[in-house]
Protein chains: 2
Amino acid sequence: MAATAAIEVSTDRRRTQAERSALAEQRMTEAAIELLNERGIAGATLKAIGEKAGYSRGLATHHFGSKAGLFRKVLKSVSVIWVDQLNRHVGEKTGLEALCTGLTAHYRFVRGYPRHVFAMQVLWLGSLDPGSDFKPNVAEFLRGQRKVAARWVEEGQAGGSIRGDIEPARLAEQYLGSIIGMLNQWQMSPGLSLKRMYQEYESYLRILVKP
Amino acid sequence: MAATAAIEVSTDRRRTQAERSALAEQRMTEAAIELLNERGIAGATLKAIGEKAGYSRGLATHHFGSKAGLFRKVLKSVSVIWVDQLNRHVGEKTGLEALCTGLTAHYRFVRGYPRHVFAMQVLWLGSLDPGSDFKPNVAEFLRGQRKVAARWVEEGQAGGSIRGDIEPARLAEQYLGSIIGMLNQWQMSPGLSLKRMYQEYESYLRILVKP
DNA sequence: ACTAAACTTGCTTGCCGCTAACAAGTTTAT
DNA sequence: ATAAACTTGTTAGCGGCAAGCAAGTTTAGT
């Protein structure tokens, strides 16, 4: 209590335990993202991650329990950024406008945080693997995104920008599926233009939902 | 040369060297598919694969050079089945009819060879990982599939089943992307109905390309 | 109020079972 | 006999665990 007045975050002196801990987790999460980009899941060893973050080989296990635990943290931290970006762009928009804005928000996200997106993608796709322990996290995230999109559709039908005989949940599946599929192809085949694919999909979407 | 007349595949006696070799590769490929379903990429160890196939821990390395080599073989063997199925179903069809038939062919493929499809999917998605050595194979396969779909579109425009102002390559990207995205979501969230998603996409496709 | 002991938490190191890959063997076909 | 198929020995590196060390925080005695 008495000595807390002298704390200075800018200087490296006298960190609080909680600060040290949080800093270590953040550094290791970032190191993990970096190494996932450079070397992939198998190549991103706990030793490399710990040392890249400026610590020892054992700290990641200590903080996150396991390699999967660390990756769960990475997944969570990236998806938080994405949800934030999405809310910022879409705001109070609804219907077709929200669907299209969501699309360009996603494009901006991919362009703005390419390393984060790639790491998320790697983990995401790796989650299908029965040996990975974060499949439920991904599944739940997807379910949430479908729900958001379905609500946009419902509101669009109420507002008149989307024709009424579309089942919102079905269109949401297609919408999310297209995004996944486009991103996927783009990651696999660098020659493709992600922007063009998104624009093309948007134009299809407009035709599709026209009342 | 002289003794080849007495070969009996049903009995285990006196196999030719080429036969032994081919049999071993086939058994190990199948064992790999099985183990990819049960335990994923990391869990499908060369030891487990070799022993499940009835051999020693070292034979897979001997035949395929590396774990990645074995997985390349799995990928190839499954994609051969898929291409065969596709050709069988689509035959000489063109245009919208070919696109829709391709869709149901894929659905039947998923239903008919679930373990093969799942293994392919796991490897496929794992190929995005910088550490995996079979990304080019997947990229080339995708490119080929896009080309096939684009030709269907072109022919459909010539035949009148698809409106002319669509760029074939773009629609092919969307088509393949949707298939990837639907399959992906279905694998991640078992509650979804793949059949319904495919039917839904088909109906969208029909609206989209109507001249 | 000050300080030193007691305690908690962050972090490192040594170890174990396991893996992929290679090299050197043994068995089997030709 | 010779070459191929196949097995076994070996090595470096992995993830995860447990023991131990170091730094931060609380508490008690003066």
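Naming: A, B, ... by sequence-line order, numbering from 1 per chain.
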Subject >> Nucleotide D/dC14, atom C1' - distance to CD1 of A/Ile41 in whole Å >> reply: 15 Å
Subject >> Beyond-backbone contact of A/Leu125 with A/Gln187, side-chain heavy atoms, under 4.5 angstrom >> reply: no
Without placing hydrogens or testing angles, list every side-chain donor-acceptor pair under 3.5 Å for residues 60-68 of chain B, not counting sequence neighbours.
unit_1, atom_1, unit_2, atom_2, d
B/His63, ND1, B/Glu25, OE2, 3.1
B/Ser66, OG, B/Ala68, N, 3.4
B/Ser66, OG, B/Gly69, N, 3.1
B/Lys67, NZ, B/Ile41, O, 3.0
B/Lys67, NZ, B/Ala44, O, 3.4

**OP:** Evaluate the side-chain proximity of A/Tyr201 to A/Leu205: yes if any heavy-atom separation is below 4.5 Å, no if none is.
**Re:** yes
Original post:
What is the distance, rounded to the nearest whole Å, between atom CZ of A/Arg39 and atom C1' of D/dG13?
Top reply: 13 Å
Original post:
Do any side-chain nitrogens or oxygens of A/Thr45 fall under 4.0 Å of OP1 or OP2 in D/dG13?
Top reply: no
Subject >> For atom CG of A/Leu46 and atom P of C/dC18, their distance in whole Å >> reply: 19 Å
Subject >> Within-4.5 Å side-chain heavy-atom neighbours: B/His116 and B/Met120 >> reply: no
Original post:
Rounded to the Å, how far apart are B/Phe64 CZ and C/dA20 C1'?
Top reply: 15 Å
**OP:** In whole angstrom, give the distance that lies between atom CD1 of A/Ile49 and atom C1' of C/dC11.
**Re:** 17 Å
**OP:** Between protein and nucleotides 1-9 of chain D, map the contacts as a letter string: B base, S sugar-phosphate only, - none, heavy atoms under 4.0 Å, written 5' to 3'.
**Re:** ---SSBBBB
Original post:
Would B/Phe118 and B/Leu36 satisfy side chain to side chain contact (heavy atoms under 4.5 Å, CB included), going step by step from the backbone distance to the final call?
Top reply: CA-CA 8 Å; B/Phe118 185 81; B/Leu36 281 169; 5.8 Å; no
Original post:
What is the distance from NZ of A/Lys67 to P of C/dC18, rounded to the nearest Å?
Top reply: 18 Å
**OP:** Send over the distance from B/Lys47 NZ to C/dA21 P, rounded to a whole Å.
**Re:** 16 Å
Original post:
A/Ala139 and B/Met188: which non-hydrogen atoms are nearest, and at how many Å?
Top reply: CB-O, 3.6 Å
